[in-house]
Amino acid sequence: GRMNSPTGGAVVRGLCGDEMEFYLEIRREVIEDSKYYTEGCETTRTCGREVARRAKGKRVLEALSISPREVIDSLEHAPEDQRHCAILAVSALYRAIADYMLQP
């Protein structure tokens, strides 16, 4: 879902046309809550859910270590032609973190 007042947020459109929104609530450099929103395919939704789950509770810099490869590896039966969904979800997370870090 979406967040009303995130401390970091981003919207990224993938090569396939799917769009991923990512929202973070960060306090004292810890991601206390992470949410995503997409109307994309099932694999896009699954990747968004997995990235949000992995980010929650991590320190901001730790969350930057989440990789598309670990998301792909965590999915059962991910079709090879839809692995780009993991890149989309991780990219949206990274941009939301950048939005937070670049705030004055």
Side-chain angles (χ1 to χ4, degrees):
R2 292 181 167 126
M3 236 181 240
N4 288 331
S5 299
T7 51
V11 179
V12 178
R13 180 178 299 276
L15 296 175
C16 63
D18 284 356
E19 195 170 86
M20 173 81 62
E21 300 174 27
F22 232 90
Y23 303 98
L24 302 172
E25 182 63 42
I26 301 169
R27 287 197 179 87
R28 292 183 290 282
E29 298 299 309
V30 174
I31 300 172
E32 291 189 351
D33 198 8
S34 60
K35 295 187 179 209
Y36 74 96
Y37 178 81
T38 185
E39 291 183 5
C41 70
E42 180 62 32
T43 305
T44 297
R45 289 190 302 273
T46 301
C47 289
R49 186 169 40 255
E50 182 64 19
V51 171
R53 183 188 69 75
R54 287 174 181 268
K56 190 172 181 178
K58 284 195 178 346
R59 298 192 62 74
V60 170
L61 294 179
E62 288 176 316
L64 290 171
S65 71
I66 297 170
S67 73
R69 167 57 42 203
E70 70 183 83
V71 175
I72 290 167
D73 289 347
S74 73
L75 303 176
E76 292 182 26
H77 315 297
E80 237 175 88
D81 65 337
Q82 293 187 342
R83 291 182 175 181
H84 64 276
C85 300
I87 295 168
L88 173 61
V90 171
S91 295
L93 169 68
Y94 289 175
R95 286 197 185 173
I97 290 171
D99 179 55
Y100 162 75
M101 293 178 85
L102 295 172
Q103 291 176 17

Under 3.5 Å, which donor-acceptor pairs do the side chains of residues 5-20 form with other protein atoms, sequence neighbours left out?
unit_1	atom_1	unit_2	atom_2	d
Thr7	OG1	Leu24	O	3.1
Thr7	OG1	Ile26	N	2.7
Arg13	NH1	Gly17	O	2.9
Arg13	NH2	Glu19	OE2	2.9
Asp18	OD2	Cys41	N	3.3
Asp18	OD2	Thr44	OG1	2.7

Original post:
Who pairs with Arg53 by salt bridge (charged side-chain N to carboxylate O under 4.0 Å, His left out), at least two apart in sequence or on another chain?
Top reply: Glu50
Subject >> Same apolar cluster (I L V M F W Y, side chains within < 4.5 Å links), Met101/Ile66 >> reply: yes
**OP:** List for me each residue that meets side-chain contact (heavy atoms from CB on, under 4.5 Å) alongside Glu42, sequence neighbours excluded, and say none if there are none.
**Re:** Arg45, Thr46, Arg49
Original post:
Ile31 and Tyr37: same hydrophobic cluster, using ILVMFWY side-chain contacts below 4.5 Å?
Top reply: no
Original post:
What is the minimum heavy-atom distance between Val71 and Ser74, and which atoms define it?
Top reply: O-OG, 2.7 Å
Please output the side-chain donor-acceptor pairs of residues 83-93 that fall under 3.5 Å, not counting sequence neighbours, one pair per line with the distance.
unit_1	atom_1	unit_2	atom_2	d
His84	ND1	Asp81	O	3.2
Ser91	OG	Ile87	O	2.8

Original post:
Hey, what do you get for CZ (Phe22) to OG1 (Thr38), rounding to the nearest 0.5 Å?
Top reply: 11.0 Å
Subject >> Distance, nearest 0.5 Å, that separates CD of Glu25 from NZ of Lys56 >> reply: 11.0 Å
**OP:** Can you see which heavy atom on Cys47 is nearest to which on Leu75, and at what distance?
**Re:** SG-CD1, 3.6 Å
Original post:
side-chain hydrogen bond (donor to acceptor under 3.5 Å, both in side chains) with Thr43: which residues, sequence neighbours excluded?
Top reply: Gln82
Original post:
With Tyr100, which residues qualify under side-chain hydrogen bond (donor to acceptor under 3.5 Å, both in side chains), at least two apart?
Top reply: Glu29
Original post:
What residues form a side-chain hydrogen bond (donor to acceptor under 3.5 Å, both in side chains) with Arg2, not counting sequence neighbours?
Top reply: Glu21
**OP:** Sorted by first residue and then second, give each salt bridge (Lys or Arg N to Asp or Glu O under 4.0 Å) pair with at least one member in residues 57-72; sequence neighbours left out.
**Re:** Arg54-Glu70, Arg69-Asp73
**OP:** Please list, chain by chain and in numerical order, all residues satisfying side-chain hydrogen bond (donor to acceptor under 3.5 Å, both in side chains) with Glu80, sequence neighbours excluded.
**Re:** none
Original post:
What's the spacing between Glu32 CD and Arg27 CZ if we round to 0.5 Å?
Top reply: 5.0 Å
